[in-house]
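Before any comments, here is the structure.
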Amino acid sequence: MSDGQPELSIVVPAYNEEDNLEPFYLGLREAVEGLGKEYEIIIVDDGSIDGSFQLLRRLHADDPHLKAVRLRRNFGQSAAFAAGFDRARGRVIVTLDADLQFDPKDISKLLDKLAEGYDVVSGWRIGRQESLLTRRLPSTVANRLISSITGIKLHDYGCSLKAYRVEVTQNVQLYGELHRFIPALASWMGVRVAEVPVSHHRRRFGKSKYDLSRTIRVLLDLLTVKFLLSYSTRPMQVFGLLGMVSFAAGTTIAAYLSFIRLFLGSPIADRPLLLLAMLLIFVGVQLVSMGLLGELTIRTYHEAQGKKIYAIREMLE
Ligand code: UDP
Ligand code: MG
């Protein structure tokens, strides 16, 4: 490819990784040079408060392939990925962490798989070097759950080492912590997803930014993703249906109560059934209104201009 337009963009989020960044960059550069493709490396400094950006500034000065984006504060890994994706110009995007836990040599395996015609190739960390109880076990459960609920079966959603065709990264909006769900989110556009085993090392410098509480956030995100995938274009059909069922049940009970009050003369004020009827009617009306509001909201969502989820302090390009 002609210069200025790389074939491959490597996007790397980094938050307080000053001890890892230089060896990481050197290893990555060596591995990527070996691929023989035009490339760019985009390291997104996610508001580090250590010397990470000073280091990037120095590395950038000697290497035109290296770009650095510095976010104004710590926005989180998803936002860092999004900032990188927005600046990436390659037709293929590879993501990985800056913490030396991945082996950049695995990138070529991912690219080979992508070349077979896949749109997303996810790494699958074999022999993961992390604690069983707080990291690997919750992750296994989460992967099973995400796979069965979203229908995109992967063993390792949490693996940041992934390769995408650029259409994929351009077509998913990353809110919250949704980066791990990109393969699932992208499934609406009919992507072909493959998995490749990659190696994983223990973290040597700095510490992990996550703990067990992430599992809970992942599960909540899964709810969002499921909703986005299944119902976000037709909220009325979900809420409306539930609402109608509830309303119909409520009015049936109310009709029965009216009948025995009017024609059989028995009192109904002290009957729990009356409360139930009222509740069902109320809830039914509310659900239908929520469906209508949902319809309005998704129109705004789809028609409004995409709003950025980050603010950049400075960029080296
Ligand atoms: N990271 C980031 N912003 C954050 C948290 C993490 O950019 O708010 C980066 C971090 O520097 C690393 C990658 O995301 O390059 C993965 O983070 P970490 O290694 O802490 O996660 P783990 O490997 O323990 O799941
Ligand atoms: Mg890590």
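Counting starts at 1 for both ligands and their atoms, following the listed order.
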- Item | Close-contact set for ligand 1 against Asn74 heavy atoms, below 4.0 Å | 3 (N), 4 (C), 8 (O)
- Any side-chain heavy atom of Leu66 within less than 4.5 Å of one from Tyr25? yes
- Task: Number the atoms of ligand 1 from 1 as they appear, then name those within less than 4.0 Å of a heavy atom of Glu17, with their elements.
- Result: 10 (C), 11 (O), 12 (C), 15 (O)
- Task: Could you check if a side-chain atom of Leu228 sits within less than 4.5 angstrom of a side-chain atom of Leu185, using non-hydrogen atoms only?
- Result: yes
- Task: Identify the two heavy atoms, one from Ile268 and one from Leu257, that lie closest to each other, and give their separation to 0.1 Å.
- Result: CG2-O, 3.8 Å
- Just wondering, is there an N, O or S atom on Ser160 that's nearer than 2.8 Å to the Mg ion (ligand 2)? no
- Message: Counting non-hydrogen protein atoms only, what is the nearest one to atom 17 (O) of ligand 1? Give residue, atom name and distance.
- Response: Tyr210 CE1, 3.8 Å
- Task: Ignoring hydrogens, just give me the one of Ala14, Pro13, Ser208 whose non-hydrogen atom is nearest atom 15 (O) of ligand 1.
- Result: Pro13
- Task: Validate the cation-pi geometry between Arg180 and Tyr157: distance from NZ or CZ to the six-membered ring centre under 6.0 Å, angle to the ring axis within 45°.
- Result: no
- Query: What are the atoms of ligand 1, with element, lying closer than 4.0 Å to any heavy atom of Gln101?
  - Reply: 19 (O), 23 (O)
- Given Asp97, Leu96, Val12, Val44, which one has a non-hydrogen atom that is nearest to atom 16 (C) of ligand 1? Asp97
- Message: Between ligand 1 and Asp99, is the shortest N or O to N or O distance under 3.5 Å?
- Response: yes
- Message: Checking a contact table here: which protein heavy atom is nearest atom 1 (N) of ligand 1, and how many Å away?
- Response: Tyr15 CB, 3.8 Å
- Task: Answer with side chain, backbone, both or neither: which part of Arg128 has a heavy atom less than 4.0 angstrom from an atom of ligand 1?
- Result: neither
- Task: Only one of Leu110, Leu111, Asp106, Asp112 passes side chain to side chain contact (heavy atoms under 4.5 Å, CB included) with Val196; say which it is.
- Result: Leu110
- Query: Hey, is Glu295 close enough to Arg299 for a salt bridge, meaning N to O under 4.0 Å?
  - Reply: yes
- Query: Between Trp124 and His155, how do the two ring planes meet: parallel, tilted or perpendicular, split at 30° and 60°?
  - Reply: parallel
- Task: Could you tell me whether ligand 1 has any atom less than 4.0 Å away from a heavy atom of Ala98?
- Result: yes
- Message: If I apply the N/O under 3.5 Å rule, does Arg214 come out as touching ligand 1?
- Response: yes
- Could you tell me whether Arg73 sits above the aromatic face of Phe75, with NZ or CZ closer than 6.0 angstrom to the six-membered ring centre and within 45 degrees of the axis? yes
- Task: Please determine if the Mg ion (ligand 2) has an N/O/S atom from Asp99 lying under 2.8 Å away.
- Result: yes
- Task: Name the option, out of Arg203, Lys209, Gln77, Arg135, that contains the heavy atom nearest to atom 22 (P) of ligand 1.
- Result: Arg135
- Query: Starting from atom 4 (C) of ligand 1, which protein heavy atom do you reach first, and at what distance in Å?
  - Reply: Asp46 OD2, 3.4 Å
- Can a donor-acceptor pair be found between the side chains of Ser52 and Asp45 at a distance below 3.5 Å? no
- Note on the structure: Residues Gly76 and Asp46: closest non-hydrogen pair is N-OD2, 2.9 Å
